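Model, not experiment: these values are computed from the prediction. Naming: A, B, ... by sequence-line order, numbering from 1 per chain.
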Amino acid sequence: VFVYTTLIGVLGGAREMTLMGAMYEEMKAAGLKPTLVTFNRLLYAYGRNNMLEEALAVCAELRAAGMAPDRVTYGTLIDLFSKAGQHERAVAVFEEMQAAHLQPDAVAYTVLMNSYKRMGDPHKALALYRRMLDEGCEPNIFSYNTVIDLHGKAGRTRLAMTIFQEMRSKGVVPDVMTYSTMIDLCGKGGLYDAAEEMFESMQAAGHVPDTVAWSTLIQMWGRAGDPHRAALYFRRMLRAGLTPSVPAYNALMFAFLRADMFVEAKAAFDTLRRAGQAPS
RNA sequence: CAGUGAUGAC
């Protein structure tokens, strides 16, 4: 059972749905009883591949086997419906979870917060965060990253910075995503120095900046009208051994175009093409 | 006690 469950997880992650289904059938044919984890992995895989019907079939099978969904099952389901564009159904699953006397965990709250966020309803997302705190559920790094981004996107730069501090004081260690979110919101709030300080603290904390972190800074300097700094960070990104992403090139080209540096912009565009990337 | 779910730039 363990081996099959692991295989199903790997195949599902690799989007090998046919093989995964075959594995599952083989497992049952061998007389092995799937565990809740097996079902959860199947659910996750079907969700990632937008196979809602199959996902619902897994739910039915799980219940037919006499099992009760656990927190992971609910979390997976909420996210699955949300990403399939069925936000109302995601909310319904969250309520069903409570009706089943399962106290939602930080994941369930955060997943649903992100569902509201995708729906373009940041207010409800934050209301849910407050409810989470009221219920005594401790926010984890995902919750904090989400809340910080919500405030950042709403232009509440200072508040986002306060929450960033709060998170650290509670012993939640910021990761690369926290830092790139902070860099982005500082940049968009015009706090360029703070953004650069964030980038430095990230490295000082032992994190290796990824393409997103670099592109965010490149984009910031482009918008700020400083193409030279943008180009500097682009070069540093290359020197760090990273393959620039399309958004990184876009940010660099934007920086040059904004400063009327057409030759440089064209050069960046040609490099992008030579790298075999598809311009967007 | 425990394998499976969520977050960032364009």
Side-chain angles (χ1 to χ4, degrees), chain A residues 1-10 12-13 34-48 55 58 62 69-83 90 93-94 97 104-118 125 128-129 132 139-150 152-153 160 164 167 172 174-188 195 198-199 202 207 209-223 230 233 237 244-255 272 277 279-280:
Chain A
V1 179
F2 215 88
V3 172
Y4 275 108
T5 301
T6 306
L7 272 169
I8 285 171
V10 172
T35 66
L36 191 50
V37 174
T38 318
F39 287 123
N40 287 345
R41 292 189 119 147
L42 284 167
L43 254 187
Y44 170 74
Y46 285 128
R48 272 178 53 119
V58 172
L62 181 163
D70 66 357
R71 289 183 165 82
V72 175
T73 318
Y74 281 112
T76 309
L77 271 174
I78 296 170
D79 190 51
L80 177 160
F81 282 128
S82 171
K83 289 188 175 145
V93 173
F94 185 80
M97 179 177 189
D105 59 1
V107 177
Y109 277 110
T110 308
V111 170
L112 194 61
M113 278 168 53
N114 278 291
S115 189
Y116 282 118
K117 189 164 168 259
R118 266 190 293 275
L128 188 63
Y129 179 65
M132 171 181 178
N140 62 20
I141 184 154
F142 288 82
S143 329
Y144 276 117
N145 288 352
T146 303
V147 169
I148 289 173
D149 189 51
L150 279 164
K153 292 273 188 317
F164 177 74
M167 158 185 183
V172 178
D175 62 6
V176 177
M177 285 198 190
T178 319
Y179 284 106
S180 29
T181 305
M182 289 304 299
I183 294 167
D184 187 46
L185 94 234
C186 287
K188 285 181 177 145
M198 279 295 165
F199 190 78
M202 171 173 60
H207 296 289
D210 60 6
T211 12
V212 176
W214 288 106
S215 322
T216 307
L217 264 184
I218 296 165
Q219 196 193 59
M220 174 183 89
W221 285 120
R223 274 195 315 254
Y233 279 109
M237 173 176 65
S245 56
V246 172
Y249 276 108
N250 284 346
L252 183 66
M253 289 189 323
F254 180 86
L272 166 73
Q277 304 243 37
S280 67

**Q** With ring centroids as reference points, do Tyr144(A) and Phe164(A) lie under 6.0 angstrom apart?
**A**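 Ring centroids of Tyr144(A) and Phe164(A) are no less than 6.0 Å from each other.
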
**Q** Taking all non-hydrogen atoms of both residues, which atom of Ala90(A) and which atom of Ser82(A) are closest, and how far apart?
**A** CB-N, 4.0 Å

**Q** Classify the angle between the aromatic ring planes of Tyr109(A) and Phe94(A) as parallel (below 30°), tilted (30 to 60°) or perpendicular (above 60°).
**A** perpendicular

**Q** Under the side chain to side chain contact (heavy atoms under 4.5 Å, CB included) rule, collect the residues that match up with Phe142(A), sequence neighbours excluded.
**A**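 Residues passing side chain to side chain contact (heavy atoms under 4.5 Å, CB included) with Phe142(A): Thr110(A), Asn140(A).
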
**Q** Residues two or more places apart in sequence or in another chain: which of them pass ring-ring contact (aromatic ring centres under 6.0 Å, His included) with Phe39(A)?
**A**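 Here no residue qualifies.
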
**Q** So if I define the base as every atom that isn't primed, P, OP1 or OP2, how would nucleotides 4-10 of chain B read as a B/S/- string at a heavy-atom cutoff under 4.0 Å?
**A** BBBBBBB

